[in-house]
Amino acid sequence: MKIGMLTGGGDCPGLNAVIRAVVRKGIFTYEDEFIGFMEGWRGVIEDKSMPLNLDAVGGILPRGGTILRTSRTNPSKRPDGIDRCLSTLEKNQIDALIAIGGDDTLSVAQKLHERGAKVIGVPKTIDNDLGGTDYTFGFDTACNIVCEALDRVHTTAEAHNRVMVVEVMGRDAGWIALYSGIAGGADVILIPERPFDVDKVADSIRQRHERGRYFSIVVVAEGAKFSSEPGQGSPVLQDMGKDEFGHVKLGGIANILAREIEKRTKYETRAVVLGHIQRGGSPSAFDRVLATRYGLGAIDMVHRGEFGCMAALRSNKIVSIPLLEAISRNRTVDSEMIQIVDGLFQKVNDRETV
Ligand code: F6P
């Protein structure tokens with residue numbers, strides 16, 4: 001078969017491992033031929049591709065980013081975008097397309113599927129919040145990076161008697177904040193799923209310092225929201241711009257929160273924004289294995305004809321689920337998980353501070 005592949009949306013460590021696994025198994029087992037469309041859906045709209053063979057995927061397993069590059073291009077927002085995608089696939093005689101991406105990329109894959117294209121999805125999001133799958137690759141690497149950062153922030157916070165507020169990725173879901181906060185021994189973890197009262201955060205830090213500790217670490221997801229002033233109920237934005245899928249640019253909550261904590265507690269407080277460091281560099285061993293398993297699963301799905309489906313991880317098995325199931329809802333941190341983690345923290349007033 002002649003198979004096309006693309007990576008769309010924000011990059012994350014492990015994309016190259018998926019590409020490598022698909023190409024190797026496709027060539028060794030099925031004698032497939034591959035081309036890679038460049039820069040997500042932009043490459044399909046504009047018919048820009050590169051040959052993908054064993055040479056092209058040699059040595060890419062430990063590399064971050066994606067050899068196909070990526071973009072947040074949305075064909076539905078471009079004139080005749082979907083039609084142009086379909087004609088590129090036809091022109092290149094593509095028998096099947098593997099789209100590696102998050103809910104945005106996969107929602108385009110679903111549209112093409114509805115128009116008759118043979119598409120398979122592979123789940124990708126650093127935020128780990130795609131529906132239908134237990135874990136996405138890249139998340140583990142991000143948590144390791146944040147955990148290392150928290151260890152480093154701990155020693156400087158301790159040396160200076162400071163509160164450090166560390167902002168991590170997590171637009172709608174607080175998985176990175178939660179997992180890295182647990183692993184890195186954070187004193188307060190703030191996630192988008194539970195708007196927080198800054199007075200209670202300050203109380204909890206004060207309570208800890210009264211217990212004899214003289215520094216604190218707060219981990220806050222970029223999409224977390226204040227339940228009261230300042231900014232009640234709305235996420236903190238870098239600017240008013242939106243991408244082609246309608247997403248705002250989040251960022252800056254750590255600076256506001258640090259200021260508010262210092263105002264209330266009088267403890268010296270600093271903000272650290274980890275940003276894209278969390279998405280860069282080499283994937284962890286866990287993510288290399290997970291990404292490889294997704295790639296091997298996806299190429300098998302192509303040959304079983306499971307189009308309109310996505311490779312998913314369920315109870316440590318790679319299974320095939322409808323794309324629609326994956327894109328219909330985000331997998332956010334549920335209240336049961338929040339309750340479990342709450343057990344780590346001392347109660348402040350009537351509630352915990354996770
Ligand atoms: O969707 C994944 C993500 O990393 C979010 O956590 C973050 O808000 C966003 O992408 C950043 O996007 P960009 O790389 O386009 O700045």
Side-chain angles (χ1 to χ4, degrees), residues 6-15 18 39-42 64-66 68-74 77 99-109 121-133 135-147 149 166-181 189-193 219-225 231 234-257 271-281 283-284 287 291 310 326-327 329-333:
L6 66 89
T7 52
D11 71 329
C12 69
L15 284 165
V18 178
E39 300 171 9
W41 293 114
R42 186 186 297 148
T66 154
L68 298 177
R69 301 202 297 274
T70 186
S71 73
R72 295 192 187 275
T73 303
N74 182 355
K77 290 279 158 65
I100 311 166
D103 51 351
D104 296 332
T105 303
L106 299 181
S107 65
V108 177
V122 172
K124 177 259 13 157
T125 154
I126 204 86
D127 291 354
N128 198 36
D129 62 350
L130 195 70
T133 190
Y135 283 98
T136 50
F137 61 85
F139 168 68
D140 179 70
T141 307
C143 288
N144 287 330
I145 292 167
V146 178
C147 181
V166 181
E167 179 176 316
V168 302
M169 282 188 169
R171 205 195 315 250
D172 305 303
W175 293 110
I176 295 180
L178 196 71
Y179 271 53
S180 60
I189 302 172
L190 303 170
I191 60 177
E193 291 84 345
V219 176
V220 60
E222 60 183 354
K225 298 168 200 79
S234 328
V236 178
L237 307 184
Q238 267 180 52
D239 57 49
M240 298 312 285
K242 286 189 181 170
D243 68 21
E244 289 187 18
F245 286 93
H247 299 299
V248 290
K249 228 186 267 171
L250 296 174
I253 192 167
N255 289 298
I256 298 174
L257 184 57
V272 177
V273 180
L274 293 180
H276 292 83
I277 290 170
Q278 295 160 92
R279 292 213 318 238
S284 65
D287 280 335
M310 180 188 89
I327 61 178
R329 63 173 180 93
N330 269 5
R331 202 178 59 83
T332 50
V333 179

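In this chain, numbering begins with 1 at the start of the sequence shown. Numbering of ligands and ligand atoms starts at 1, following listing order.
- No more than 12 heavy atoms of other residues, nucleotides or ligands lie within 6.0 Å of OH in Tyr135, so this atom counts as exposed by the packing criterion.
- In this structure, Ile126 has a heavy atom closer than 4.0 Å to ligand 1.
- Cys12 places none of its side-chain heavy atoms less than 4.5 Å from the side chain of Thr66.
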TODO: Please test Leu257 against Leu190 for side chain to side chain contact (heavy atoms under 4.5 Å, CB included), starting from the C-alpha separation and ending with a verdict.
DONE: CA-CA 11 Å; Leu257 184 57; Leu190 303 170; 3.5 Å; yes
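- Residues Arg72 and Glu244 are not paired through a salt bridge, judged by the lack of any N-O separation under 4.0 Å between the basic side chain and the carboxylate.
- Counting only heavy atoms from C-beta outward, the side chains of Val166 and Val220 never approach each other to under 4.5 Å.
- The N/O atoms of Thr125, backbone and side chain alike, include none that comes under 3.5 Å of an N/O atom in ligand 1.
- Under the 4.0 angstrom criterion for non-hydrogen atoms, Lys249 is not in contact with ligand 1.
- If you look at His276 next to ligand 1, the close heavy atoms, those under 4.0 Å, all belong to the side chain.
- Residue Met169 approaches ligand 1 through these ligand atoms, each under 4.0 Å from one of its heavy atoms: 4 (O), 6 (O).
- Summary of contacts: the protein heavy atom closest to atom 12 (O) of ligand 1 is Arg72 NH2, 2.9 Å.
- Contacts between His247 and ligand 1, counted as non-hydrogen atom pairs separated by less than 4.0 Å, are absent for every part of the residue.
- With respect to atom 1 (O) of ligand 1, the closest heavy atom belonging to the protein is Arg171 NH2, 3.0 Å.
- Among all non-hydrogen protein atoms, the one lying nearest atom 5 (C) of ligand 1 is Glu222 OE2, 3.4 Å.
- Inter-residue side-chain proximity for Thr105 and Leu6 is flagged as met; some heavy-atom pair is nearer than 4.5 Å.
- Considering only non-hydrogen protein atoms, atom 4 (O) of ligand 1 sits nearest to Arg279 NH1, 2.8 Å.
- Close approach of ligand 1 to Gly170 (heavy-atom distance below 4.0 Å) involves ligand atoms 6 (O).
- At least one side-chain heavy atom of Lys225 sits less than 4.5 Å from a side-chain heavy atom of Pro192.
- Residue Leu250 does not touch ligand 1, judged by heavy-atom distances below 4.0 Å.
- Between Thr136 and the options Thr125, Asn128, Asp287, Asp129, a side chain to side chain donor-acceptor pair (under 3.5 Å) holds for only Asn128.
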